[in-house]
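Below is one structure, written out as structure tokens, with a few remarks after it.
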Amino acid sequence: MPEGHTIHRAARRHTELLAGQQVHTESPQGRFAEGADVLDGHRLLQVDAHGKHLFYRFDDDLLLHVHLGLFGRFNVYTADPPEPRGALRLRMQAGDATVDLRGPTACELMDADDEARLLARLGPDPLRGDADPERAWQRIHKSTRPIGALLMDQSVMAGVGNVYRAEALHVQRIHPEREGRSLTHAEFDALWDTVTTMLGDGVRAGRIITVTAEDAGKPRSRLKRGERTYVYKQSACRSCGGAVSVWDMAGRRAWACTACQR
DNA sequence: AAGAATGTTATGTA
DNA sequence: CTACATAACATTCT
């Protein structure tokens, strides 16, 4: 489910619902019992997103780190949450609001050093105001690795996953197998802009829609599953009709139009 | 109902 | 040292 847009959206929503309040936490499965005990009743000050990582800052310097991984998911309830069921990893409650967490790769307490170490290995996040795209360019323009692998590398740029990789490269007509060092600075700038716009749209819409209303022939909000991307999970390119090829790259499926990307 | 999926990390191999 | 492959782990949807 989650690329960077999901994480930033969650940070915003959870701040709105829980920040400034005493938060009751529990982990019905006992998977996070230790941390939950420590966190319970603390005031949540702030929720920050960095790439695909979330940081919940509580008073007394308590810091909860969450990473959704491939399957992780939040469920938010603004009234009467359901009884905890199945593998519910963490529940946070304040007032009428409840945030449930399932299936995360990480849900753990951290100290400032852990956090610093983690942030040190993340590249600039296009969704953050403090992002410095030049840091990404420095890595990319020297690398012989394919741009498709570089885009997915969170230490190069933080927040892009498999869908945005396919879609951003497609919009810029760049083939995923091109070496990073073959990109011009102008191409990189355009790619960064595209990624930034796509992620921002994702935060707003709450889902990944990269096809424009013009290309779709109807409002983006009306697009069904399978109509929202140009090449990702498509058999024919939705901008030129050319064949889409699929292959394995950096352990994930890469998608590109054989006609308009090179 | 097996298999795929919007992810990361640790470890092994060349 | 770097690059790449593989396995492991999480859960839901088709």
Side-chain angles (χ1 to χ4, degrees), chain A residues 1-11 27-32 49-54 65-75 82 84-91 100-108 110 114 117-123 125-127 139-140 142-170 176-181 194-195 198-211 223-235 246-255:
Chain A
M1 204 78 210
E3 297 198 27
H5 68 291
T6 310
I7 309 308
H8 282 261
R9 188 179 169 87
S27 52
Q29 290 283 300
R31 307 277 306 277
F32 191 62
H50 209 305
K52 299 171 185 172
H53 297 263
L54 275 167
H65 168 238
V66 171
H67 192 292
L68 262 32
L70 193 50
F71 311 125
R73 176 177 190 137
F74 287 111
N75 288 305
R85 178 181 315 148
L88 177 58
R89 185 74 170 274
L90 179 73
R91 168 168 280 189
D100 281 358
L101 171 64
R102 289 170 189 281
T105 292
C107 176
E108 62 198 353
M110 275 195 163
D114 297 326
R117 229 170 294 131
L118 199 163
L119 291 179
R121 48 166 224 262
L122 289 184
D125 174 352
L127 286 177
R139 288 284 303 276
I140 289 170
K142 286 186 220 156
S143 178
T144 59
R145 292 166 67 199
I147 184 62
L150 289 164
L151 266 191
M152 296 268 290
D153 183 336
Q154 302 299 299
S155 71
V156 171
M157 191 186 294
V160 175
N162 204 22
V163 183
Y164 286 128
R165 152 171 87 173
E167 296 295 297
L169 288 172
H170 173 265
E177 293 288 357
R178 273 182 58 188
E179 291 188 350
R181 65 178 179 185
T194 296
V195 167
M198 282 182 174
L199 283 166
D201 284 356
V203 172
R204 228 161 294 126
R207 55 167 51 137
I208 298 178
I209 304 174
T210 59
V211 175
L223 294 175
K224 299 187 190 115
R225 187 179 58 242
E227 298 180 325
R228 299 175 184 142
T229 54
Y230 287 105
V231 291
Y232 177 77
K233 284 194 176 168
Q234 302 293 337
S235 52
V246 195
W247 69 103
D248 223 60
M249 180 179 218
R252 313 296 301 281
R253 305 244 278 171
W255 309 72

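Computed from a prediction, not measured in an experiment: that's the story for all the values here. So that the names make sense, note that chain A is the first sequence line, chain B the second, and so on, each numbered from 1.
In this structure, the nucleotide among dG7(B), dA5(B), dC13(C) sitting nearest to the side chain of K233(A) is dA5(B). When each of dT12(C), dA5(B), dA3(C) is scored by its nearest atom to the side-chain atoms of T144(A), the top-ranked nucleotide is dA3(C). Comparing atom distances between the P146(A) side chain and each of dC4(C), dG7(B), dT8(B) picks out dC4(C) as nearest. Closest to the R73(A) side chain, of the nucleotides dA3(C), dC13(C), dG7(B), is dC13(C). Closest to the side chain of R121(A), from the set dG7(B), dA3(C), dT9(B), is dT9(B).
The closest donor-acceptor contact from the side chain of Q154(A) to the backbone of M152(A) lies under 3.5 Å. The backbone N or O of I147(A) sits nowhere less than 3.5 Å from a side-chain atom of E179(A) that would complete a donor-acceptor pair.
As a whole-Å value, the separation of N162(A) CG from dA5(B) P is 9 Å. One can place CZ of R253(A) at 11 Å from C1' of dG3(B), the figure rounded to the nearest angstrom. The NE2 atom of H67(A) sits 7 Å away from the P atom of dT9(B) (whole-angstrom rounding). What separates CZ of F71(A) from C1' of dT12(C) is a distance of 9 Å, to the nearest Å. Spacing between atom CD of E177(A) and atom C1' of dA3(C) amounts to 14 Å, rounded to whole angstrom units. Note: OH (Y164(A)) to P (dG7(B)) measures 11 Å, nearest angstrom. One interatomic measurement links the two molecules: CZ of R252(A) to P of dG3(B), which rounds to 19 Å at whole-angstrom precision. Whole-Å rounding puts the R145(A) CZ to dA5(C) C1' distance at 13 Å.
Across all non-hydrogen atoms, the minimal contact from A10(A) to L54(A) is CB-CD1, 4.2 Å.
For the P atoms, the distance from dC9(C) to dA1(B) is 24 Å, rounded to whole Å.
Nucleotides of DNA chain C nearest to R225(A) and T105(A) differ in position, and the one nearer the 5' end is that of T105(A).
At the phosphate of dT8(B), OP1 or OP2 sits under 4.0 Å from a side-chain N or O atom of Q154(A).
Within 4.0 Å of A87(A), counting heavy atoms only, lie sugar-phosphate atoms of the nucleic acid but no base atom.
Counted within 6.0 Å of CZ on R207(A), heavy atoms from surrounding residues, nucleotides or ligands total 12 or fewer; the atom is thus considered open.
Searching all strands for a Watson-Crick or G-U wobble partner of dG12(B) with both distances below 3.5 Å returns dC4(C).
Using a 30° and 60° split on the angle between ring planes, H65(A) and H53(A) fall in the parallel class, below 30°.
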